[in-house]
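By convention in this document, chain letters (A, B, ...) are assigned in the order of the sequence lines, proteins followed by strands, and residues within each chain are numbered from 1. Note: hydrogens, waters and symmetry copies are ignored here, and every other heavy atom, side chains too, is used.
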There are 2 protein chains.
Amino acid sequence: MAKRASFGRGRPINKVLRLHGSIARDLGIAIVSGRYQPGDLLTGEVASSEKLEVSRTAYREAVRILAAKGLVESKPKVGTKISPRSKWNLLDPDVLAWTFANEPDLDLLQSLFELRDIVEAAAAAMAAKRRTPEHLEAMRDAIDRMARFTLATEAGRLGDQDFHRWLLEASGNPYIISLTTGVQAAVNTTTMFKQRERPLPRDPVPDHIAVFEAVAAGDPDRAHSEMSTLVHLALQDTPLPRARAKRSAG
Amino acid sequence: MAKRASFGRGRPINKVLRLHGSIARDLGIAIVSGRYQPGDLLTGEVASSEKLEVSRTAYREAVRILAAKGLVESKPKVGTKISPRSKWNLLDPDVLAWTFANEPDLDLLQSLFELRDIVEAAAAAMAAKRRTPEHLEAMRDAIDRMARFTLATEAGRLGDQDFHRWLLEASGNPYIISLTTGVQAAVNTTTMFKQRERPLPRDPVPDHIAVFEAVAAGDPDRAHSEMSTLVHLALQDTPLPRARAKRSAG
DNA sequence: ACAGCCAAATTCCTCAGACAAATGTTCTAC
DNA sequence: GTAGAACATTTGTCTGAGGAATTTGGCTGT
């Protein structure tokens, strides 16, 4: 039998999960997808670990992960309870990935792009004011690779990611960097394999160049609006779950 | 006597931490404050748990919490390594609290307010377009309480928080809500006890009313700019580390 | 009948020790 | 010199036990 590691094509997007990680992922998906409702109690540690056929240690570490992301809360004598949605760390990279793991909620996806629009456009404007020559050089090189290899190749996608990474770096705000990279990672991994089949509907290079030139020119307003259009185009190119009416969870 | 209607929730700012939670907090503070550097290896589980005089179970659960927030990464035969800053979930509420637990870094605080400015102003603009009469009623009531009791009292501060909470609610974007409430909670808890002694330097009610009226009028642009000034005023009123008084001291 | 205190039951929390799995390192064969 | 095997080390998982915290119910005094 061949190894099942056939996924790992050099990129560390698929990190091998330990047992506690798998349990946390499964439970996390069950929670964010609504199979457990806020206020519900998970069955006790002993019962849960027995049902999953794992040790209490592994199960407890999984619960600890979920608690760290605000999804659950454990107290003696009461049990482990699903927290209200207002306490969830919705922007945690794992929570984002779990949220969009299966059938992405259309409203949620739109809200996410709304946030991306706001934050990334602002980041571009800040980058226009703070970028150094080194930043510009790295961004130019990234666009070069993107144009040379196209997004159909690994190298091309890497150029795309590098462009955005350097743009964020140029914004100089670590919180914006942390927020955006996490969101982008989740969006990429969840939408990438979907648009694997069909060719990209549009050439993204000119739009990136427009952002770059605005940043290079030190024009915050233009950088803002150009990045905003870039995000809107990304939303348009995102394959939406049009199968909503057809498929039903079985 | 009717029960307390508004948000029912008291203030959970002081949550009792279990052993693993305390260890995670201590280690987390040590990491975000730079006492451990990215790339550093923590001493092995057995040695660490012995030095802390706790069981390996408790220590491992603490590490699991830190790993869930992106601060560390564990691999067999290698150990538990401090992750590069780019992987930290800087906007995780706990990480934020740990970051500003002791001596808040001035640059980081400024970056945080920069993000608040961007996101909360956008949220106010969205709220101006999407608010319902119920939202407006709740916000009006919150401002009322804020004006009646002043921010020197618990009830007044609750009104302030309720105002912002309802404004975010009116924005209708769960990601913006999650982001902002987490940031606000961290900023509040870290700056609140500092400005307890001195009286507030300025009456915040008129500024809040300005935001409210713009939202009520359905004017996104005005709501945007009024909220922006509100955030800037909040930054001005934030007691900064007085060590900056003499800038070029040494 | 009711408020406040006390005891009991339940659940998570912590501990200790052992073995298994994974991974980096070293050694060996060719 | 390189590829593969053996080894050592560290985290990962399991098991069993007891302790700690919190809710629940009952008891007591008024």
Side-chain angles (χ1 to χ4, degrees), chain A residues 1 3-8 10 12 14-27 31 36 39-83 87 94, chain B residues 1 3 8-10 12 14-27 31 36 39-83 87:
Chain A
M1 206 65 175
K3 298 185 179 182
R4 67 170 61 162
S6 54
F7 240 101
N14 266 357
K15 153 190 327 188
V16 56
L17 288 183
R18 300 276 185 264
L19 188 53
H20 56 258
S22 316
I23 300 171
R25 178 177 50 78
D26 292 345
L27 279 178
I31 293 173
Y36 293 105
D40 285 358
L41 282 175
L42 297 181
T43 52
E45 287 179 353
V46 276
S48 295
S49 55
E50 279 173 8
K51 191 170 66 179
L52 297 174
E53 293 181 315
V54 299
S55 72
R56 278 181 65 209
T57 310
Y59 179 78
R60 274 187 57 81
E61 293 190 1
V63 170
R64 207 51 55 221
I65 293 174
L66 297 179
K69 297 175 185 305
L71 296 186
V72 303
E73 198 168 2
S74 307
K75 278 196 304 190
K77 172 72 180 180
V78 57
T80 299
K81 179 182 302 186
I82 313 292
S83 298
K87 290 197 174 179
D94 289 327
Chain B
M1 179 82 76
K3 34 174 91 168
R9 157 195 322 178
N14 265 352
K15 171 191 303 190
V16 56
L17 287 184
R18 299 278 184 270
L19 187 53
H20 57 257
S22 317
I23 300 172
R25 177 177 49 79
D26 293 345
L27 278 179
I31 292 173
Y36 293 105
D40 285 359
L41 282 175
L42 298 181
T43 52
E45 288 176 351
V46 277
S48 295
S49 55
E50 279 172 8
K51 192 170 68 178
L52 296 174
E53 293 180 315
V54 300
S55 74
R56 224 181 124 210
T57 308
Y59 179 78
R60 274 185 57 82
E61 292 190 3
V63 170
R64 209 51 57 222
I65 294 174
L66 297 179
K69 298 175 184 305
L71 295 185
V72 302
E73 199 168 358
S74 303
K75 278 197 304 190
K77 174 72 180 179
V78 197
T80 299
K81 180 182 302 185
I82 314 292
S83 298
K87 292 198 175 178

* Using the side-chain contact (heavy atoms from CB on, under 4.5 Å) rule, take B/Glu61 and B/Ile65 through it: C-alpha gap first, then chi angles, then the decisive distance, then the call. => CA-CA 6 Å; B/Glu61 292 190 3; B/Ile65 294 174; 5.7 Å; no
* **Step-by-step side-chain contact (heavy atoms from CB on, under 4.5 Å) determination, A/Leu71 to A/Tyr36** => CA-CA 11 Å; A/Leu71 296 186; A/Tyr36 293 105; over 6 Å; no
* Under the side-chain contact (heavy atoms from CB on, under 4.5 Å) criterion, do A/Arg18 and A/Val16 qualify, and how do the steps go? -> CA-CA 7 Å; A/Arg18 300 276 185 264; A/Val16 56; 4.3 Å; yes
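Straight-line distance from the CG atom of A/Leu17 to the P atom of D/dT11: 19 Å, rounded to whole Å. Going from atom CG of B/Leu52 over to atom C1' of C/dC15 covers 15 Å, rounded to whole Å. Here the C1' atom of nucleotide D/dT10 and the CG atom of B/Leu41 are 11 Å apart, to the nearest Å.
Interatomic distance, CZ of A/Arg25 versus CG of A/Leu17, reported as 5.5 Å (0.5 Å rounding).
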* To do: Take nucleotides 13-23 of chain D nucleotide by nucleotide from the 5' end and write B, S or -, depending on whether a protein heavy atom sits under 4.0 Å from the base, only from the sugar-phosphate, or from neither.
  => BBB-B---BBB
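Closest heavy-atom contact between A/Leu66 and A/Ala24: CD2-O, 3.5 Å.
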